[in-house]
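Right, one structure below, let's go through it.
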Amino acid sequence: MSWIRERELSFIERLTANILKAGPMPKHVAFIMDGNRRFAQKAHVQRQEGHSQGFEKLAETLRLCLNLGIHEVTVYAFSIENFKRSKEEVDGLMELARQKFSRLLTEQENLEKHGVCIRVLGDLTLLPIDLQQLIAKAVVATKAHNKCFLNVCFAYTSRHEIANAVKEMAWGVEQGLIKPSDVSEVLLSECLYSSNSPNPDLLIRTSGEVRLSDFLLWQTSYSCLVFQSVLWPEYSFWNLCEAVLQYQLSYRSLQKAGNLHREGQALQQMEADRSCVAELLQHRGNGKPMDAQSQQKELLNYTASREERVHCFLNALQHKRDTVFSDLSSQAVMA
């Protein structure tokens with residue numbers, strides 16, 4: 001099964017899509033693809049077949065998203081908590097992942113045609129080494145594509161991601177790239193696995209469960225959350241349209257809340273910079289009070305130096321992450 005299923009919309013679907021696109025459209029949609037096991041039970045097939053049907057639905061839904069002008073999708077493919085399931089089911093899911101990422105590597109022409117960039121977010125060290133290498137090859141092979149983006153959260157939980165971001169900032173301090181005073185809410189966001197993507201505008205969970213299950217907790221604070229009762233393998237164009245309509249109805253309030261939050265972050269950073277400058281001036285202690293113009297100049301200089309430190313740190317962090325994927329991909333080629 002292809003990663004992107006070729007599917008043309010019917011006349012009524014095209015008409016509906018055009019009506020929806022007259023309003024504000026989400027640019028980035030996240031899915032908790034829930035209900036594969038219940039679908040298998042309902043259809044009287046093996047659990048593994050339910051998961052396979054779930055992947056096929058992902059391929060179809062990616063095509064539907066592109067038809068609606070949605071160019072970034074993030075999916076919750078495998079939670080770290082899923083390792084607690086039976087060995088048989090976990091082994092089956094790992095084998096399914098091997099098959100699908102191997103298939104992806106044979107579809108590079110189609111992915112290049114659509115400009116699909118595949119990113120895998122999560123702790124790859126928890127996976128078998130051969131699967132790590134396959135994933136790395138897929139990520140490296142599509143890295144230059146930039147028309148649409150599929151972020152696959154695999155061996156992922158949000159708490160694990162946030163804890164890892166804190167460790168990355170600690171690493172930056174240890175390396176002398178940033179100062180402890182540079183650590184902030186904004187910097188933590190830049191250290192998440194998802195730092196190359198904007199936050200999702202819309203998060204959809206299927207199967208009727210009304211919880212996030214440790215998925216994108218940080219990133220979805222100001223996203224529209226939609227919970228739908230349909231099982232994931234039965235998801236349709238009309239289910240997606242319903243979710244987009246809910247997003248449109250919530251658009252203004254979400255935008256207002258997000259803008260207020262960003263303004264608050266900017267003010268918080270400015271106050272933190274002022275505090276650091278005041279401390280520096282106190283340590284200099286020449287006994288003479290500094291006029292307002294000189295204080296403003298010191299503040300601007302400090303802000304510029306902090307931004308330069310943070311920029312260099314984030315470049316070093318991205319290089320470190322890219323090196324992990326490059327090394328794994330090279331190992332796969334040699335194997």
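The structure displayed is predicted, hence computed values, not measured ones.
The two atoms that bring Ala136 and Leu328 nearest to each other are CB-CB, 3.5 Å, heavy atoms only. The minimum heavy-atom distance between Arg211 and Arg205, with the atom names listed, is O-NH1, 2.8 Å. Heavy atoms only, all atoms of each residue included: Arg85 and Leu93 are closest at NH1-CD1, 4.4 Å. Of all non-hydrogen atoms in Ser250 and Cys224, the two that sit nearest each other are OG-SG, 4.2 Å. When all heavy atoms of Ser189 and Ser195 are compared, the pair lying nearest together is O-CB, 4.0 Å.
Judged purely by distance below 3.5 Å, without hydrogens or angles, the side chains of Trp218 and Ser158 never pair a donor atom with an acceptor atom. In this structure, a donor-acceptor pair under 3.5 Å is present between the side chains of Gln228 and Tyr235. Asn239 and Ser236 form a side-chain donor-acceptor contact under 3.5 Å, judged by distance and modelled atom types alone. Side chains of His160 and Asn164: no donor on one and acceptor on the other come within 3.5 Å. For the residue pair Asp273 / Gln269, a side-chain donor-acceptor distance below 3.5 Å is found, with atom types taken as modelled.
The other members of the hydrophobic cluster of Tyr193, by chain and number, are Ile32, Tyr76, Leu121, Tyr156, Leu203, Val210, Leu212, Phe215, Leu216, Leu217, Leu225, Phe227 (side-chain heavy atoms under 4.5 Å, ILVMFWY only). Residue Leu231 shares its hydrophobic cluster (ILVMFWY side chains chained together at separations under 4.5 Å) with Phe39.
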Worked check of side-chain contact (heavy atoms from CB on, under 4.5 Å) between Cys241 and Glu13:
CA-CA 10 Å; Cys241 288; Glu13 288 174 336; over 6 Å; no
Criterion side-chain contact (heavy atoms from CB on, under 4.5 Å) on His71 and Lys27, from CA distance to verdict
CA-CA 6 Å; His71 292 284; Lys27 296 179 177 63; over 6 Å; no
In sequence, state the C-alpha distance, the side-chain angles, and the governing distance for Arg309 and Arg306, and then conclude on side-chain contact (heavy atoms from CB on, under 4.5 Å).
CA-CA 5 Å; Arg309 284 194 303 273; Arg306 173 183 57 76; 3.6 Å; yes
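For the ring pair (Phe, Tyr, Trp, His ring centres under 6.0 Å) condition, the pairs that include at least one residue of residues 79-99, sequence neighbours left out, are Phe78-Phe83. Pairs engaging residues 250-275 under the ring pair (Phe, Tyr, Trp, His ring centres under 6.0 Å) rule: Tyr222-His261, Tyr247-Tyr251 [sequence neighbours left out].
Applying the side chain to side chain donor-acceptor pair (under 3.5 Å) test to Arg14 and every residue at least two apart in sequence or in another chain returns nothing. Listed by chain and residue number, Val173 satisfy the side-chain contact (heavy atoms from CB on, under 4.5 Å) test with Pro180 (two or more places apart in sequence, or in another chain). Contacts of Gln246 classified as side chain to side chain donor-acceptor pair (under 3.5 Å), with partners at least two apart in sequence or in another chain: none. Every residue was checked against the side chain to side chain donor-acceptor pair (under 3.5 Å) condition with Ser221, not counting sequence neighbours, and none meets it. Partners of Arg321 under the side chain to side chain donor-acceptor pair (under 3.5 Å) rule, at least two apart in sequence or in another chain, do not exist in this structure. By the side-chain contact (heavy atoms from CB on, under 4.5 Å) test, Val186 pairs with Ser184, Gln265, sequence neighbours left out. With sequence neighbours left out, Cys65 forms a side-chain contact (heavy atoms from CB on, under 4.5 Å) with Phe31, Thr61, Ile70, Val73, Leu240. In this structure Glu95 satisfies the salt bridge (charged side-chain N to carboxylate O under 4.0 Å, His left out) test together with Arg98, sequence neighbours excluded.
For Ser86 (side chain) and Glu89 (main-chain N/O), a donor-acceptor pair under 3.5 Å exists by modelled atom type. Looking at Trp232, its side chain never comes within 3.5 Å of a backbone N or O of Thr206 through a donor-acceptor pair.
The cluster map of Ile, Leu, Val, Met, Phe, Trp and Tyr, joined by side-chain heavy atoms under 4.5 Å apart, puts Val310 and Leu300 in different clusters.
If you take OH on Tyr302 and CZ on Arg274, they are separated by 13.5 Å, rounding to the nearest 0.5 Å.
Salt-bridge formation is detected for the pair Glu72/Arg119: a Lys NZ or Arg NE/NH1/NH2 atom is positioned less than 4.0 Å from an Asp or Glu carboxylate oxygen.
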